[in-house]
**Student:** 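Can you keep this structure in mind? I'll have questions shortly.
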Amino acid sequence: MSSAHTLRRFKRDGRIVIVGASLAGLRAAEALRGEGFTGSLTMIGDELGEPYDRPPLSKQVLTGWVPAGGTTLPRRCAIDAEWLLGVPADGLDLAADQVRLADGRRIPFDRMLIATGVRARPWPVEAEAALDGVFVVRTREDAEGLQRALAAGPSRVLIIGAGFTGSEIASVCRERGLPVTVAELGPAPLVGGLGAMIGGVAADMQRAHGVDLRCGVRVTQLEGDARGRLRRAHFSDGSTVDADVAVVALGGIRNTEWLRDSGLAVGVWGVACDTGCRAFDVNGLVTDDIFVAGDVARSPHPIYEYRFISLEHWANAVEQAEIAAHNMVSTQADRWPHLSIPAFWSIQFGVNIKSVGVPTYADEVVVAQGSVADRRFVAAYGYQGRVTAAVSFNNAKWLDHYRQLIETAAPFPPPCPTPDQPVDAKPAPVDFPGPTLLAQGATVVVTGHDPGERRVTAMRQGR
């Protein structure tokens with residue numbers, strides 16, 4: 001768009017397609033209308049029904065406080081869109097500016113937003129995943145089915161994976177008084193997202209609430225009975241546990257397969273884009289008509305040395321969607337960068353866990369204030385002598401202070417802002433596991449720089 005006249009004409013008559021009818025997609029559509037876009041707006045989603053909120057699915061829905069049908073996202077304004085729901089996108093033709101749907105239809109666009117998010121990683125053995133009593137939690141239907149199973153009073157619940165989702169579900173089970181076993185391949189819960197020190201705190205917390213926590217083991221088999229119901233799980237150490245409900249909480253898979261032959265820079269960590277949410281092509285060149293937002297986006301962040309970061313955060317999806325919407329209908333000079341510091345929260349076993357920054361971008365961690373024994377503290381994370389993140393247990397009021405330290409590249413370890421600094425506080429190695437566990441347990445993943453070759457060829461990995 002080279003002139004104000006062209007922009008006005010686009011805002012009046014242009015065609016925008018949003019692929020992904022969930023939180024980021026809905027908020028982007030609302031922002032577009034708020035920015036004065038009155039042209040054609042099409043929403044494409046693989047699920048039927050209104051966009052809904054996902055965080056309550058592993059929290060309030062499973063406790064029975066909120067019905068699964070009560071998670072519909074509120075509308076901030078009328079968006080006057082054509083909704084194409086229940087049929088996923090199957091391809092993207094950049095030359096023709098068309099999205100291909102799985103039913104063969106082709107939807108033309110002038111600009112497009114990719115907001116396809118992530119899906120739950122399933123149990124890898126199809127026959128075992130199909131056993132009655134085996135669940136994942138990603139969709140409204142998933143949560144509704146698991147809530148019914150928990151309400152029926154199973155003899156034991158097995159949770160495979162002790163990241164944030166798995167730990168939250170374990171907390172719900174204990175709140176319901178249900179026996180629960182958690183199997184975690186890593187050395188502790190939350191270790192993929194918060195490191196070994198906080199992982200040790202989380203492990204103590206789970207065991208103190210009666211969780212049968214088994215770390216350093218892999219579930220090798222889910223065994224069913226003659227009627228196809230789950231009955232037993234086998235572990236890599238030779239032990240077994242009888243359970244009639246199992247929850248597979250092994251992280252998410254970013255929904256990028258439909259873009260494999262599109263010519264965009266896509267991979268297991270998402271769709272690469274710049275801070276203005278414009279997608280990169282396979283050569284690392286920025287596109288001007290394709291934008292990305294939400295869990296599926298992977299963008300560089302100046303505070304983290306322009307490393308590419310993949311986020312699975314509610315607030316990030318909203319903020320990035322609004323940035324993308326603004327930039328889709330603005331001139332180059334008026335576009336905004338998405339530079340927000342990531343923030344995340346989780347409630348487990350009566351403890352409010354919140355983070356700011358990117359804990360996985362760190363080499364040291366220190367308890368900066370409070371008491372680990374009391375489950376009321378703040379841990380600061382540092383990388384090469386500067387503060388990069390902070391995590392609080394029941395002490396979130398100080399996170400804005402640590403946000404300012406991150407934004408100003410304050411030295412690590414930071415001085416304590418209150419008199420409750422532990423007398424023996426010393427930085428320790430943060431000790432994150434390898435990439436496989438990071439994919440399962442982290443909410444923020446630093447994925448490094450894209451290749452610097454002048455031209456590249458996209459290659460599919462063999463299975």
Side-chain angles (χ1 to χ4, degrees), residues 58 159 161-171 182 184-208 211 213 215-216 249-252 304 309-316 341-373 375-383 387-396 398-399 402-403 405-406 412-414 422 425 427-447:
S58 61
I159 298 172
F164 288 99
T165 298
S167 296
E168 288 172 358
I169 296 172
S171 176
V182 174
E184 166 58 41
L185 182 59
L190 309 184
V191 70
L194 303 180
M197 189 270 283
I198 298 295
V201 176
D204 291 343
M205 192 165 65
Q206 290 202 15
R207 291 186 172 114
V211 174
L213 176 63
C215 296
L250 296 176
Y304 299 101
I309 294 176
S310 296
L311 296 167
E312 292 182 39
H313 288 177
W314 190 95
N316 177 76
I341 301 297
F344 175 77
W345 66 276
S346 176
I347 297 177
Q348 303 169 22
F349 305 99
V351 174
N352 189 348
I353 303 172
K354 290 190 175 182
S355 76
V356 62
V358 180
T360 53
Y361 189 79
D363 51 21
E364 288 186 299
V365 61
V366 65
V367 177
Q369 61 186 105
S371 167
V372 171
R375 304 286 187 265
R376 185 178 179 84
F377 65 91
V378 178
Y381 291 73
Y383 178 72
V387 178
T388 56
V391 172
S392 68
F393 276 48
N394 283 342
N395 205 2
W398 286 102
L399 286 189
Y402 288 94
R403 182 192 302 273
L405 297 182
I406 296 165
F412 177 90
V430 71
D431 196 12
F432 283 107
T436 299
L437 286 179
L438 280 177
Q440 297 175 9
T443 59
V444 187
V445 177
V446 181
T447 60

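Please read all numbers here as calculations on a predicted model, not as lab measurements.
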**Student:** Restricting to ring-ring contact (aromatic ring centres under 6.0 Å, His included), what partner residues turn up for F349, sequence neighbours left out?
**Tutor:**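 Only H209 meet the ring-ring contact (aromatic ring centres under 6.0 Å, His included) criterion with F349.
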
**Student:** Tell me every residue that passes side-chain hydrogen bond (donor to acceptor under 3.5 Å, both in side chains) with S171, counting only those two or more places apart in sequence or in another chain.
**Tutor:** none

**Student:** Once rounded to the nearest 0.5 Å, what's the spacing between atom CZ of F377 and atom CD of Q369?
**Tutor:** 11.0 Å

**Student:** State which residues pass side-chain hydrogen bond (donor to acceptor under 3.5 Å, both in side chains) with Y304; sequence neighbours excluded, sorted by chain then number.
**Tutor:** none

**Student:** Residues two or more places apart in sequence or in another chain: which of them pass side-chain hydrogen bond (donor to acceptor under 3.5 Å, both in side chains) with Q206?
**Tutor:** S167

**Student:** Measure up the F164 and F344 rings against each other and bin them: parallel (under 30°), tilted (30 to 60°), perpendicular (over 60°).
**Tutor:** perpendicular

**Student:** Partners of R403 by salt bridge (charged side-chain N to carboxylate O under 4.0 Å, His left out), sequence neighbours excluded?
**Tutor:** D400

**Student:** Apply ring-ring contact (aromatic ring centres under 6.0 Å, His included) to Y402 and list each qualifying residue two or more places apart in sequence or on a separate chain.
**Tutor:** none

**Student:** Return the set of residues passing side-chain contact (heavy atoms from CB on, under 4.5 Å) with N352 (not counting sequence neighbours), or none when no residue passes.
**Tutor:**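 Applying side-chain contact (heavy atoms from CB on, under 4.5 Å) to N352 gives I347, K354, N394.
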
**Student:** Would you name the heavy atoms of P359 and Y381 that are closest together and state the gap between them?
**Tutor:** O-CD2, 3.7 Å

**Student:** CG/L194 to CD1/I353 distance, rounded to the nearest 0.5 angstrom?
**Tutor:** 7.0 Å

**Student:** Can you name the residues that form a side-chain hydrogen bond (donor to acceptor under 3.5 Å, both in side chains) with S392, not counting sequence neighbours?
**Tutor:**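 Once residues adjacent in sequence are excluded, S392 has no partner under the side-chain hydrogen bond (donor to acceptor under 3.5 Å, both in side chains) criterion.
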
**Student:** Among residues at least two apart in sequence or on other chains, which ones pass side-chain contact (heavy atoms from CB on, under 4.5 Å) with A425?
**Tutor:** V366, P422

**Student:** Got a second to check how far T388's OG1 is from Y383's OH, nearest 0.5 Å?
**Tutor:** 9.5 Å

**Student:** Roughly how far apart are T165 OG1 and E312 CD, rounded to 0.5 Å?
**Tutor:**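 T165 OG1 to E312 CD: 8.5 Å, rounded to 0.5 Å.
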
